[in-house]
Amino acid sequence: MRKGAKRKASQKEEAKPSHESPQKSKKAASRAKRVKATKPDSEPEYFEDERNLEDLWKEAFPVGTEWDQLDSVYQFKWNFSNLEDAFEEGGKLHGKKVYLFGCTEPQLVFFKGDSKVICIPVIVAVVSPFPPSDKIGINSVQREAEEIVPMKQMKMDWVPYIPLENRGSQVDKLHTQIFILRCTQRRAALKHLKLDRVKKYEYCLPYIYQPLKEDELEQSTEVQIIFPSEQKPVFCEFDWELDELEEFTDKLIQEEELSEDQKDAFKEFVKEKVREAKKANREAREARKKAREEMSEETRAAFENMRFYKFYPVQTPDSPDVSNVKVMNS
């Protein structure tokens with residue numbers, strides 16, 4: 001059909017009188033109005049793509065953090081892109097088997113005009129061909145000595161970390177090089193645990209055993225003393241190389257920390273603690289010596305090449321600046 005014929009046919013159709021009822025005509029007009037009243041589509045929203053390792057720092061359990069402070073750790077949008085970059089080509093962790101655990105450091109920081117103490121998340125990365133530890137060390141000022149227990153006793157273990165782009169794959173088919181320390185203790189079940197058990201979580205850190213470390217670096221001559229007293233317990237530290245027991249005890253009496261009638265009992269208590277500490281040092285020294293003698297060359301090389309890296313969050317507008325409160329002790 002020619003174009004002109006199309007136009008004429010269209011004009012004829014338009015010229016036809018409408019036989020619709022007034023009611024149908026009103027409905028059509030109403031529909032037309034509704035179409036006209038439709039607002040134009042709003043501008044599409046754009047979201048940043050998630051980085052492949054963006055949640056890595058969150059997945060590593062913050063060991064030693066009080067349970068009632070856990071939520072506050074995630075109140076800010078912390079950015080650990082420095083940790084993510086370390087796994088990229090050219091980064092210090094690229095291509096290596098790495099074990100990660102988290103911890104927190106309470107510090108006074110300024111953010112948006114306010115200053116307050118917050119729990120800063122910190123990630124420790126251990127480069128090692130095998131898990132750097134299967135034990136947890138529990139220590140605090142209130143405890144007489146460090147308690148070392150299996151990780152599983154505290155419901156902790158090293159588990160593979162799956163990057164976001166591989167979340168749909170089967171774990172056993174992935175050759176992951178990143179492992180994180182995870183805790184399966186449910187917070188809802190804490191109310192059913194004894195207080196001492198709950199408190200243990202607040203004073204624990206992975207116990208990293210280093211049999212190649214020089215003995216003198218680990219041998220302490222101090223003992224923590226918690227002497228039970230009728231009025232109040234006596235808390236102090238006694239160094240068997242630097243302190244003279246008689247003078248040490250007399251000073252406590254002068255400061256009214258200890259009563260005169262408890263002097264002999266206190267001295268015997270300290271002597272027993274010193275004997276226990278010396279025995280523990282001797283046994284630890286012998287254990288390291290035996291471990292070194294029985295160690296394979298492969299294991300020795302692994303211990304010698306084990307490396308530790310500490311990561312703090314980088315500064316962003318959404319989180320406090322922690323650059324002035326870093327504690328670079330590892």
Side-chain angles (χ1 to χ4, degrees), residues 47-88 91-93 98-127 132-133 136-143 146 154 156 161 163-164 178-183 185-188 190 195 198-208 235 237 307-330:
F47 299 92
E48 288 187 18
D49 290 337
E50 285 187 295
R51 301 186 301 274
N52 197 30
L53 304 179
E54 188 171 351
D55 67 347
L56 176 56
W57 76 271
K58 290 183 181 179
E59 294 295 308
F61 180 68
V63 188
T65 306
E66 295 181 18
W67 288 101
D68 59 359
Q69 295 295 316
L70 275 181
D71 290 337
S72 69
V73 177
Y74 309 103
Q75 64 179 309
F76 300 106
K77 192 176 180 182
W78 299 107
N79 184 305
F80 278 86
S81 55
N82 52 343
L83 173 63
E84 300 166 39
D85 293 342
F87 285 98
E88 297 293 333
K92 61 185 72 172
L93 303 179
V98 181
Y99 294 82
L100 300 169
F101 66 89
C103 56
T104 54
E105 295 177 3
Q107 296 284 358
L108 179 66
V109 297
F110 293 88
F111 185 59
K112 294 184 177 179
D114 294 326
S115 63
K116 62 178 179 177
V117 176
I118 63 170
C119 288
I120 300 170
V122 179
I123 299 296
V124 177
V126 185
V127 176
S133 174
I136 287 288
I138 304 169
N139 205 352
S140 71
V141 176
Q142 291 79 18
R143 291 180 175 272
E146 183 178 26
M154 301 302 292
M156 297 184 196
Y161 169 77
L164 290 170
I178 306 175
F179 295 83
I180 54 175
L181 185 63
R182 179 162 288 171
C183 178
Q185 173 62 58
R186 293 185 302 112
R187 293 171 68 181
L190 291 175
L195 181 60
V198 175
K199 284 291 182 183
K200 282 184 177 182
Y201 283 96
E202 300 174 9
Y203 304 119
C204 60
L205 276 177
Y207 179 76
I208 309 296
F235 295 91
E237 288 183 356
R307 295 292 181 267
F308 296 80
Y309 300 95
K310 192 174 185 180
F311 293 87
Y312 282 87
V314 300
Q315 185 178 1
T316 69
D318 300 319
S319 61
D321 179 11
V322 302
S323 57
N324 294 325
V325 293
K326 293 180 181 180
V327 182
M328 304 309 291
N329 53 4
S330 49

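Quick note: residue numbers are just sequence positions, from 1. No experiment lies behind these values; they were computed from the predicted model shown.
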message: I'd like to know whether Ile136 forms a side-chain contact (heavy atoms from CB on, under 4.5 Å) with Lys200, so could you lay out the CA-CA distance, the side-chain angles of the two residues, the decisive distance to 0.1 Å, and finally the verdict.
response: CA-CA 10 Å; Ile136 287 288; Lys200 282 184 177 182; over 6 Å; no

Roughly how far, to the nearest 0.5 Å, is [atom2] of [Y] from [atom1] of [X]?
X      : Y      : atom1 : atom2 : answer
Leu56  : Leu83  : CG    : CG    : 5.0 Å
Trp57  : Asn82  : CH2   : CG    : 12.0 Å
Arg51  : Asn79  : CZ    : CG    : 5.0 Å
Asn324 : Leu108 : CG    : CG    : 11.5 Å
Asp85  : Lys92  : CG    : NZ    : 10.5 Å
Asn52  : Glu88  : CG    : CD    : 8.0 Å

query: So Val122 and Lys310, side-chain contact (heavy atoms from CB on, under 4.5 Å) or not? Walk me through it.
result: CA-CA 7 Å; Val122 179; Lys310 192 174 185 180; 3.6 Å; yes

Using the test ring-ring contact (aromatic ring centres under 6.0 Å, His included), find all partners of [X] that sit at least two apart in sequence or belong to another chain.
X      : value
Phe61  : none
Phe111 : Phe76
Phe101 : none

Cut-off 3.5 Å, no hydrogens considered: what does the side-chain donor-acceptor table look like for residues 114-121, sequence neighbours left out?
none

Provide the closest heavy-atom pair for [X] versus [Y] in the form atom of the first, atom of the second, distance.
X      : Y      : answer
Tyr161 : Ile180 : CB-CG2, 4.1 Å
Val63  : Cys204 : CG1-O, 2.9 Å
Pro320 : Val109 : CB-CG2, 3.9 Å
Gln107 : Val325 : NE2-O, 3.6 Å
Glu105 : Tyr312 : OE1-OH, 2.7 Å
Lys112 : Pro317 : CE-O, 4.2 Å

- prompt: Should we count OH of Tyr74 as having more than 12 external heavy atoms under 6.0 Å?
  reply: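 It does: Tyr74 OH has more than 12 such atoms within range.
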
query: Is there a side-chain contact between Met156 and Cys183 (heavy atoms, below 4.5 Å)?
result: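 Yes. Closest side-chain heavy atoms under 4.5 Å.
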
- request: Please collect all salt bridge (charged side-chain N to carboxylate O under 4.0 Å, His left out) contacts where either partner lies in residues 56-75, sequence neighbours excluded, each pair once.
  value: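 Listed by first then second residue: Glu59-Arg182, Asp71-Arg187.
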
- prompt: What pairs meet the salt bridge (charged side-chain N to carboxylate O under 4.0 Å, His left out) rule with one or both residues in residues 311-324, with sequence neighbours excluded?
  reply: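 Non-adjacent pairs meeting salt bridge (charged side-chain N to carboxylate O under 4.0 Å, His left out): zero.
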
[X]: side chain to side chain donor-acceptor pair (under 3.5 Å) partners, not counting sequence neighbours:
X      : result
Ser133 : none
Gln75  : none
Gln315 : none

- request: Without swapping roles, check the side chain of Trp67 against the backbone of Tyr201 for a donor-acceptor pair under 3.5 Å.
  value: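 Side chain of Trp67 to backbone of Tyr201, a donor-acceptor pair under 3.5 Å: no, none is there.
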
- prompt: What residues, two or more places apart in sequence or in another chain, satisfy salt bridge (Lys or Arg N to Asp or Glu O under 4.0 Å) together with Asp55?
  reply: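 Counting only residues at least two positions away or on another chain, Asp55 forms a salt bridge (Lys or Arg N to Asp or Glu O under 4.0 Å) with Arg167.
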
- prompt: Does Ala125 have any side-chain contact (heavy atoms from CB on, under 4.5 Å) partners at least two apart in sequence or in another chain, and if so, which?
  reply: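 If we apply the side-chain contact (heavy atoms from CB on, under 4.5 Å) test to Ala125, skipping adjacent residues, the hits are Leu93, Val98, Leu100, Tyr309, Phe311.
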
